[in-house]
Amino acid sequence: MKFTIATIPGDGIGPEVIQETIKVLETMAAIGGHTFSYPLLLAGGAALDATGHPLPEETLQTAQEADAVLLGAVGGPKWDHLEGEYRPERALLGLRKSLGLFANLRPAVLFQPLKDACPLHPATAAKGIDIMVVRELTGGLYFGKQERLQDETGGWYAYDTMQYHESEIRRIARVALELAKGRSGKVTSVDKANILESSRLWRKTVMEEAAAYPTISLDHMYVDNASMQLVKSPGQFDVILTENMFGDILSDEAGMITGSIGMLPSASLREDQGGMYEPVHGSAPDIAGQNKANPLATILSAAMMLRISFGLEAEAMLMESAVEHVLNQGLRTGDIYSDGCQLTGTREMGAAVVAAVKQLEKKGA
Ligand SMILES: NC(=O)C1=CN([C@@H]2O[C@H](COP(=O)(O)OP(=O)(O)OC[C@H]3O[C@@H](n4cnc5c(N)ncnc54)[C@H](O)[C@@H]3O)[C@@H](O)[C@H]2O)C=CC1
Ligand SMILES: CC(C)CC(=O)C(=O)O
Ligand SMILES: [Mg+2]
């Protein structure tokens, strides 16, 4: 089969992790007899430098026409002085909104070889952690009206607006409830309904949607407690359903309880399962250009792309098994390193996954 993957390396470690992911995808293409093409597109700081705008029209158009989008990360200190639509991170929001990607799936799974490196209570780590964060991605605080103004004293003030339409809550709630059917059947909706009006509507609407899913158990948690519970006993969570900013924060936290944010993939989807696939992490300027970035989050995001947007389940499973295999071999980038393991670089980790894919395929795994 032929697929066009609009590929946006972006900034910082983005190009490094994308390069390794393409190597793995090319290996998958050779094995499965598929043809993947990767039109390389500019967004974020790289696009600002080249074109003066973080999200060039050509990028948007090619992304809209492609079978899926694969993105590294955008942003970095070089562009931190910029304001408004010129901020590189705006490119990401622009892509999500224009492509209608309202559902962000962020699986946080503790790979068993990492459980010793996991800073959790050993009993929880041993039982495993498998959480699916379902984050609303095109509404809430990141898309509400925002402004910086001067008051009568000449001092500055600013505001951001958290706004949700019932229809936006219903459609993301259905995504979470449907996903829970194929898992252990529990949805925890996270909000701040003791104080925010948008959260009160969120809770009421989620309860109404859940009424059509009698086999799913739904509970509600305030976001402050949820962030504590996630550290205290992550095993209690199955599907976490939440709004845009809460999901952004909780998924980074979920990264640490499963080893590292460098392990967390994500899929941003619209109703027809078309989507953009990107690691949960950002451009990590502190380690960019040093062959230190963990490419596994992006490789796992590409596996999600094969499964969800291309329907290539066997290939997706092979990629995920290859990741588990290299971890079992003891290979670790710095973010997941622990004593007794072998410290490795971005390129070496990518090459190890390619080798593992070939080896597992030969064995018929
Ligand atoms: N999706 C995107 O494009 C995102 C972009 N950003 C942007 O990225 C820039 C840096 O943001 P930060 O808040 O520092 O978050 P970050 O996720 O880039 O980095 C946070 C910490 O995690 C580490 N880290 C992240 N990814 C890693 C990987 N693959 N392997 C090993 N270590 C990794 C970094 O070295 C750093 O210590 C900012 O400009 C921010 O706006 C932030 C989050 C998401
Ligand atoms: C620009 C930010 C909203 C990106 C981010 O942190 C995320 O989506 O996780
Ligand atoms: Mg984030």
Side-chain angles (χ1 to χ4, degrees), residues 6-21 40-60 62-63 69-99 101 104 106 133 135 137-138 140-144 146 148 158 160 244-256 260-268 275-302 333-335 346:
T7 304
I8 305 176
D11 308 315
I13 62 169
E16 299 172 60
V17 295
I18 287 287
Q19 187 176 314
E20 299 316 309
T21 302
L40 286 179
L41 304 170
L42 290 170
L48 268 162
D49 289 351
T51 71
H53 200 276
L55 183 54
E57 190 49 44
E58 189 202 338
T59 298
L60 200 49
T62 311
V69 183
L70 181 66
L71 183 136
V74 296
K78 182 178 175 193
W79 306 281
D80 271 352
H81 61 286
L82 296 167
E83 300 284 348
E85 65 168 307
Y86 290 100
R87 290 206 49 75
E89 292 84 354
R90 289 268 158 208
L92 200 53
L93 301 193
L95 278 161
R96 290 169 179 171
K97 193 71 165 185
S98 312
L99 299 174
L101 308 174
N104 188 212
R106 296 188 153 188
V133 178
R135 165 189 176 196
L137 200 60
T138 52
L141 211 46
Y142 295 172
F143 288 92
Q146 51 178 209
R148 197 187 305 183
D160 299 273
N244 201 342
M245 186 176 73
F246 298 162
D248 189 2
I249 296 168
L250 291 178
S251 52
D252 269 34
E253 195 184 342
M256 273 330 291
S260 163
I261 198 170
M263 293 297 302
L264 286 203
S266 88
S268 305
M276 179 157 83
Y277 297 83
E278 51 173 318
V280 165
H281 63 73
S283 62
D286 53 334
I287 55 167
Q290 300 168 47
N291 196 37
K292 284 183 176 170
N294 185 344
L296 297 180
T298 314
I299 291 169
L300 291 167
S301 302
T333 43
D335 58 315
T346 311

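Throughout, residue positions are numbered sequentially from 1 according to the sequence presented. Computed from a prediction, not measured in an experiment: that's the story for all the values here.
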Could you verify whether a donor N or O on one side chain and an acceptor N or O on the other, from Asp11 and Ser283, lie under 3.5 Å apart? no
Val69 side chain near Thr7 side chain, heavy-atom distance below 4.5 Å: no
Nearest non-hydrogen partners of His281 and Ala73, listed with the distance: O-CB, 4.2 Å
Nearest non-hydrogen partners of Ala63 and Leu95, listed with the distance: CB-CD2, 4.1 Å
I'd like to know if Asp49 and Lys78 make a salt bridge, using a cut-off of under 4.0 Å between side-chain N and carboxylate O. yes
How about Thr298 and Pro265: do any of their side-chain heavy atoms sit closer than 4.5 Å? no
Are more than 12 heavy atoms from other residues, nucleotides or ligands located less than 6.0 Å from atom CD of Glu58? no
Indicate yes or no: does Lys292 engage Asp286 in a salt bridge with an N to O separation below 4.0 Å. no
Applying side chain to side chain contact (heavy atoms under 4.5 Å, CB included), run through Leu71 and Leu92 and close with a yes or a no. CA-CA 9 Å; Leu71 183 136; Leu92 200 53; 3.8 Å; yes
Output, in order, the C-alpha distance, side-chain angles, deciding distance and verdict of side chain to side chain contact (heavy atoms under 4.5 Å, CB included) for Arg148 and Glu83. CA-CA 11 Å; Arg148 197 187 305 183; Glu83 300 284 348; 3.5 Å; yes
Answer whether the closest heavy-atom distance between the side chains of Pro279 and Leu264 falls below 4.5 Å. no
Heavy-atom donor-acceptor pair, Thr62 side chain to Thr59 backbone, under 3.5 Å: no
Taking all heavy atoms of Pro9 and all of Leu40, pick out the closest pair and write down the distance. CG-CD2, 4.1 Å
Just by modelled atom types, is the Asn244 backbone N or O under 3.5 Å from a matching donor or acceptor in the Arg135 side chain? yes
OG1 on Thr138 to CG on Leu99, rounded to 0.5 Å: 11.0 Å
Please report the closest heavy-atom contact between Pro88 and Trp79, naming both atoms and the distance. CG-CB, 3.5 Å
Do Pro295 and Ile18 touch side chain to side chain, with heavy atoms closer than 4.5 Å? no
Will you find, in the side chains of Asp160 and Tyr142, an N or O donor that is under 3.5 Å from an N or O acceptor? no
How far apart are the closest heavy atoms of Ser251 and Gly247, and which atoms are they? OG-O, 2.6 Å
Within the structure provided, determine whether Phe143 and Lys97 are in side-chain contact (heavy-atom separation under 4.5 Å). yes
Taking side chain as C-beta onward, heavy atoms only, is Leu70 less than 4.5 Å from Thr21? yes
Set out, in order, the CA-CA distance, both residues' side-chain angles and the distance that settles side chain to side chain contact (heavy atoms under 4.5 Å, CB included) for Glu85 and Leu93, then state yes or no. CA-CA 10 Å; Glu85 65 168 307; Leu93 301 193; over 6 Å; no
Should the pair Arg96-Glu278 be classified as a salt bridge under the 4.0 Å nitrogen-to-oxygen rule? yes
I'd like to know whether Leu296 forms a side chain to side chain contact (heavy atoms under 4.5 Å, CB included) with Val17, so could you lay out the CA-CA distance, the side-chain angles of the two residues, the decisive distance to 0.1 Å, and finally the verdict. CA-CA 8 Å; Leu296 297 180; Val17 295; over 6 Å; no
Sub-3.5 Å donor-acceptor pair from the side chain of Arg87 to the main-chain atoms of Leu82, do we have one? yes
With a 3.5 Å distance limit and no angle check, can you tell me whether Arg90 reaches the backbone of Pro54 through a side-chain donor-acceptor pair? no
Thr346 side chain near Asn294 side chain, heavy-atom distance below 4.5 Å: no
Can you see which heavy atom on Ile13 is nearest to which on Ala288, and at what distance? CG2-CA, 3.6 Å
